[in-house]
2 protein chains.
Amino acid sequence: MRQKEKVTIYDISKKLNISAATVSRALNDSDRVSLKTKELVLKTAKELNYQQNALALALKSGRTFNVGVVVPYINHTFFASVIRGIEEELEPKGYHVIICQTHENVESEAKQIKTLLNTHIDGIFISVSKTTESVKHIEEVRDEGVPLIFFDRKKDISGVSSVTINDFEGAYEATTHLIQQGYTNIAHIGGDHKLEIYKHRYDGYIAALKAHNLPVNDDLLLQVNSTVEAGIEAVKFLLKNNISFDAIFSASDYVALGGMRELRANGFKIPEDVGVVGFSNEPFTKYLERPLTTVGQTPVLMGQIAAQVFLEQITDVKKNFRVEKKVVLSPELYTRDTSIKKGS
Amino acid sequence: MRQKEKVTIYDISKKLNISAATVSRALNDSDRVSLKTKELVLKTAKELNYQQNALALALKSGRTFNVGVVVPYINHTFFASVIRGIEEELEPKGYHVIICQTHENVESEAKQIKTLLNTHIDGIFISVSKTTESVKHIEEVRDEGVPLIFFDRKKDISGVSSVTINDFEGAYEATTHLIQQGYTNIAHIGGDHKLEIYKHRYDGYIAALKAHNLPVNDDLLLQVNSTVEAGIEAVKFLLKNNISFDAIFSASDYVALGGMRELRANGFKIPEDVGVVGFSNEPFTKYLERPLTTVGQTPVLMGQIAAQVFLEQITDVKKNFRVEKKVVLSPELYTRDTSIKKGS
DNA sequence: TTGTATGCGTTATCAC
DNA sequence: GTGATAACGCATACAA
């Protein structure tokens, strides 16, 4: 039951009475080794069940074939799906994914990045936390020459690539859809504008209103956290203050869900009295008794593309130049029950 | 923008005109070094922004402070939450978590484990795939002396610890709850018995019926995959064959959801005509317009405990003995709307 | 208390 | 084509 002996290239070299260097060359398919010894080495390597020691290789080469992914929470479907996309793309290439969560906390984020750098990861994928304002800890990654890719929640740092979705477009489409369904008094319950994504969703909402000659009413603009409870509170607030509205475009599915609860509790019918559109296409949205219209972000695809950008980047680094690549994915509107005005 | 020079203990030793060995000792707080030089070393280490090279340490010590987690899918809430629990417990101790998903595929599982072992992880946490029958690849982990911990979906392998929930108890309680609500003709839509968890849930259901002197009707026993679609099909099957039932205990929330859809589509009222209980307490269950009664598995706690078992195990290994620890957590029944018979 | 030498497993740079 | 040797950065047995 004790540790099995690890077989090294020396074991092979001894058995074959050749040098370890030759074994190494044979294993790496160098052309400076005879076909005969190459075959011999490969054969005995298999016999002895030789496994290359990744650690020694990493120490020597500086590459670990590990990448780090830093997200606010790993058990949020969106982030878990992005990670899955990254993993699917990178695993066939021999990479491992190390995940870190920040709990929306900058200090934690900085610490995670530091230890990741110390572990000599080959690259970092990050979706910044809500509280991240200073980006010193992120710039350090770039300055150390470690490939860095933002996804979804990015910061503007020169020389860093990113993969995001077009939040403006998503919001614009969602709002336009509500307008086309006949809703004219649309509230927007968004998130903190410190995060670009929420700012862009807000902008898209405003642009859609203006494009359709609808007035912008400040009373209909709220910024809340992305939780069911916040959604309940937001609608309570609107109702309490007698602010009239016939639709809600929410920047979060959770908020939309909470909002719908509160609306129903107050006798409003959805979508007859109030239309509702969320954002993210969280899995639960389509399972609701009255499925929620929402904007999908193709998170798995986002992860896959982020991984591809990373792979391009490491070959670029070898060529000694750095490109800043900004990929913007198109969101997709899932039109479901909560926004279809009957008879329209 | 190029790679920053990494500072090593040699840089410190040169600057201080002492040997690298002394620096190493000072950094490791050895008592075989004078307080004066210790302070000096620590000071210059900070000045030079010295970072220990984890790779070299790993090569030397054999410990990487990385652990692997192998799950069927990382973007399933249950598994993501377990991972989060593991991560929360291990991160403060300096460990990193490497995640791998098998997509319910044994071959993939074997491959993932193999590469994990090759990366010299310090331990492996695993929830086996649905298709895992032979456990050779898992026994190899144990045989290599790498700490191994099963969680949720385990296999019986001697010398391996596990953290699971008491599925029998969860199913027993769920079924008993339905009986107490007045349902007497309870169908059980379960999963493949190759996975212990589904077998145990089945056993718990049967035991509850017998304990309350209710007959076991084979027509009411189905085994399906854990998807919404499978739930729809299952109920369709029951209805088509005129098999009467007044409640469903499902081993999966997804199946329960699909089942409810189909029931409503056929004019059945829930919970008046048919009571429904699911399993897992997936996040969406409580957001449904009519929240679903379900059995919660405390996944975060499961992860935390698995991590604790791991930590115990590595200290045990040092002491040169191995304990097999089986932790069984108690599930929790979340009684919600779908199983409360009106007026009872 | 400190320094020297060696090894962890590999690969790259020399020689031959 | 092949072999000897150094180096990656660290920790430790042994000397001093």
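Numbers restart at 1 for each chain; the letters A, B, ... are given by sequence-line order, proteins then strands.
- Straight-line distance from the CG atom of A:L16 to the C1' atom of D:dG1: 15 Å, rounded to whole Å.
- D:dG9 atom P lies 11 Å from atom NZ of B:K14, rounded to whole Å.
- Checked against side chain to side chain contact (heavy atoms under 4.5 Å, CB included), A:A58 has the following partners two or more places apart in sequence or in another chain: A:T64, B:L55.
- Classification of B:R142 and B:E324 as a salt-bridged pair fails, no side-chain N sitting under 4.0 Å from a carboxylate O.
- Counting any heavy atom pair closer than 4.0 Å across all strands shown, B:L57 reaches sugar-phosphate atoms only and no base atom.
- Counting to the nearest Å, the C1' atom of D:dT2 and the CG atom of A:N28 are 16 Å from each other.
- Between the P atom of D:dC8 and the CG atom of A:L59 lies a distance of 9 Å, rounded to the nearest Å.
- Residue contacts shown for B:T8 are limited to sugar-phosphate atoms, with no base heavy atom under 4.0 Å away.
- Candidate nucleotides D:dC14, D:dA7, D:dT2 were compared by shortest atom distance to the side chain of A:S34, and D:dT2 ranks first.
- When DNA chain C is scanned in the 5' to 3' direction for atoms under 4.0 Å from non-hydrogen atoms of chain A, the outermost contacting nucleotides are C:dG9 to C:dA15.
- Atom CG in A:N17 sits roughly 9 Å away from atom P in D:dG3 (whole-Å rounding).
- In this structure, A:R32 places its CZ atom 11 Å from C1' of D:dG3, rounding to the nearest Å.
- Under the rule for a side-chain hydrogen bond (donor to acceptor under 3.5 Å, both in side chains), the partners of A:T119 that lie at least two apart in sequence or sit in another chain are B:H96.
- A salt bridge links A:R84 with A:E88: the distance from a Lys NZ or Arg NE/NH1/NH2 to an Asp or Glu carboxylate oxygen falls below 4.0 Å.
- Looking at residues 112-124 of chain A, you'll see that no heavy atom sits under 4.0 Å from any atom of DNA chain C.
- Taking side-chain N and O atoms only, A:Y10 has no distance below 4.0 Å to OP1 or OP2 of D:dG3.
- Applying the salt bridge (charged side-chain N to carboxylate O under 4.0 Å, His left out) test to residues at least two apart or on different chains, none of the pairs has a partner in residues 64-73 of chain B.
- The side chain of B:Q51 places no N or O atom within less than 4.0 Å of a non-bridging phosphate oxygen (OP1 or OP2) of D:dG9.
- At the heavy-atom level, A:T37 lies under 4.0 Å from the strands shown only through sugar-phosphate atoms.
- In this view, B:L40 and B:L16 satisfy the side chain to side chain contact (heavy atoms under 4.5 Å, CB included) rule, not counting sequence neighbours.
- What separates CD1 of B:I18 from C1' of D:dA11 is a distance of 15 Å, to the nearest Å.
- Among pairs with a residue in residues 152-163 of chain B, those fulfilling salt bridge (charged side-chain N to carboxylate O under 4.0 Å, His left out) read B:E104-B:R153, B:K154-B:D156, B:K154-B:E196, at least two apart in sequence or across chains.
- End-to-end axis angle of the helix from C:dT1-D:dA16 to C:dC16-D:dG1, from C1' rotation axes over five pairs per end: 50° (rounded to 10 degrees).
- The list of salt bridge (charged side-chain N to carboxylate O under 4.0 Å, His left out) pairs with a residue in residues 16-28 of chain A, not counting sequence neighbours, is empty.
- Applying the ring pair (Phe, Tyr, Trp, His ring centres under 6.0 Å) test to residues at least two apart or on different chains, the pairs with a partner in residues 56-93 of chain A are A:F65-A:Y95, A:Y73-A:H76, A:Y73-A:H103.
- Salt-bridge annotation for B:K6 and A:E144: present, with a side-chain N of the basic residue lying under 4.0 Å from a carboxylate O of the acidic one.
- Pairs engaging residues 121-145 of chain B under the ring pair (Phe, Tyr, Trp, His ring centres under 6.0 Å) rule: B:F125-B:F310 [sequence neighbours left out].
- For residues 37-46 of chain A, the pairs satisfying salt bridge (charged side-chain N to carboxylate O under 4.0 Å, His left out) are A:D29-A:K38, A:K43-A:E47, with sequence neighbours left out.
- Between the CZ atom of B:R63 and the P atom of D:dC10 there is a distance of 18 Å, rounded to whole Å.
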